[in-house]
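All remarks here apply to the structure that follows.
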Amino acid sequence: MDGFFSVNNIVFTVIGYPMSYIEFFGTLLNIWCVYLVAKNKTLNWPVGIVATILFGFLFFQINLYADFLEQIYFLLTGFWGWWAWSTGKKSAKEEKPVLALSFTSRLGWILITFVGTLILGYVDAHLNVYFPKVFTEAASFPYLDSFTTIMSFVATILLIHKEFEAWYLWILVDIIGIWLYWIKDVHFVSILYVIFFILAVNGLTTWRKLYKKQQSLQKTI
């Protein structure tokens with residue numbers, strides 16, 4: 001692949017590390033996106049859509065196929081989330097309220113994550129066998145990559161519905177991502193996940209406070 005979307009199209013080099021355009025701009029947009037999510041701002045969705053497209057090209061070229069498929073999912077859910085947050089507001093000046101999962105729902109999502117990881121991991125490990133002309137090399141860390149992918153799928157759905165438990169999943173995804181992307185030599189993305197981790201912890205703290213505040217207000221009504 002040539003042109004702007006190639007990982008070989010370098011914008012600059014930092015301490016011997018070549019930075020591609022898609023990694024650089026995708027990283028910056030993702031940081032902005034997660035910051036906006038943590039601040040409970042609907043603008044996070046259109047920003048995330050652009051970042052998702054850039055990272056889709058990146059992950060495909062470094063053979064993280066589960067992450068590549070994840071970006072397609074993020075692209076579709078990005079439009080869904082944008083619509084859901086925009087229509088879920090009580091007024092033009094207010095954001096959609098934060099919610100919490102029931103105990104049964106939490107168990108259900110844990111089961112979905114476990115089964116989904118096994119299925120996606122198997123498929124991911126055999127993509128180069130099933131579609132050798134498209135996926136020319138074997139997937140890297142197929143089951144670990146699939147685990148973070150399925151968790152991201154679940155976390156995105158919870159995020160769309162404003163369930164604050166989504167942040168627990170994002171925190172775990174970020175911890176794994178820091179190590180995984182460093183091993184895959186996309187160091188800037190690894191550093192990005194350190195920032196994601198910090199923002200996710202802040203997001204969890206912020207959303208829990210909003211949820212408790214909303215519950216207190218409901219009790220007084």
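Ring-plane geometry between Y181 and F59 is classed as parallel, the angle between the planes falling under 30 degrees on a 0 to 90 degree scale with a further cut at 60.
When all heavy atoms of A155 and A166 are compared, the closest pair comes out as O-CB, 3.5 Å. Heavy-atom minimum distance, R208 versus Y168: NH1-OH, 3.5 Å. Shown here for I10 and V7, the closest heavy-atom pair between the two residues is CD1-O, 3.5 Å. Here the closest heavy-atom approach between residue F74 and residue T52 is recorded as CB-OG1, 3.6 Å. Considering every non-hydrogen atom in both V173 and T148, the closest pair reads CG2-O, 3.8 Å. T77 and I160 make their closest contact through O-CD1, 3.8 Å (heavy atoms, listed as atom of the first residue, atom of the second, distance).
Partners of S105 by side chain to side chain donor-acceptor pair (under 3.5 Å), not counting sequence neighbours, listed by chain and number: S102. Contacts of Y65 classified as ring pair (Phe, Tyr, Trp, His ring centres under 6.0 Å), with partners at least two apart in sequence or in another chain: F135. In this structure E163 satisfies the salt bridge (charged side-chain N to carboxylate O under 4.0 Å, His left out) test with no other residue, sequence neighbours excluded. For F164, the ring pair (Phe, Tyr, Trp, His ring centres under 6.0 Å) partners two or more places apart in sequence, or in a different chain, are Y211.
With no hydrogens or angles considered, a side-chain donor-acceptor pair links N40 and K162 at under 3.5 Å. Inspection of the K184 and S140 side chains reveals an N or O donor paired with an N or O acceptor under 3.5 Å.
In this structure the side chain of F68 never reaches within 4.5 angstrom of the side chain of D124, judged on heavy atoms. Contact check for T149 versus L69: no side-chain heavy atoms found under the 4.5 Å cut-off. For the pair T156/W170, a side-chain contact is recorded, criterion being any heavy-atom separation below 4.5 Å from C-beta on. With a 4.5 Å cut-off on side-chain heavy atoms, M151 and L172 count as touching. Looking at heavy atoms from C-beta onward, W207 lies in side-chain contact with W167 at the 4.5 angstrom threshold. With a 4.5 Å cut-off on side-chain heavy atoms, F60 and V134 count as touching. The shortest side-chain heavy-atom distance between L54 and F24 does not fall under the 4.5 Å cut-off.
No option in F25, F4, F5 other than F5 meets the ring-ring contact (aromatic ring centres under 6.0 Å, His included) test with F57.
The stretch residues 10-28 participates, sequence neighbours left out, in these side chain to side chain donor-acceptor pair (under 3.5 Å) pairs: Y17-E23. For residues 98-126, the set of pairs meeting the ring pair (Phe, Tyr, Trp, His ring centres under 6.0 Å) definition, not counting sequence neighbours, comprises Y122-H126, H126-Y130.
In Y35, the OH atom is not crowded: 12 or fewer heavy atoms of neighbouring residues, nucleotides or ligands sit closer than 6.0 Å.
Distance OG1/T136 to CG/N63: 6.5 Å, rounded to 0.5 Å.
Here the two rings, on Y193 and F197, have centers that are 6.0 Å apart or farther.
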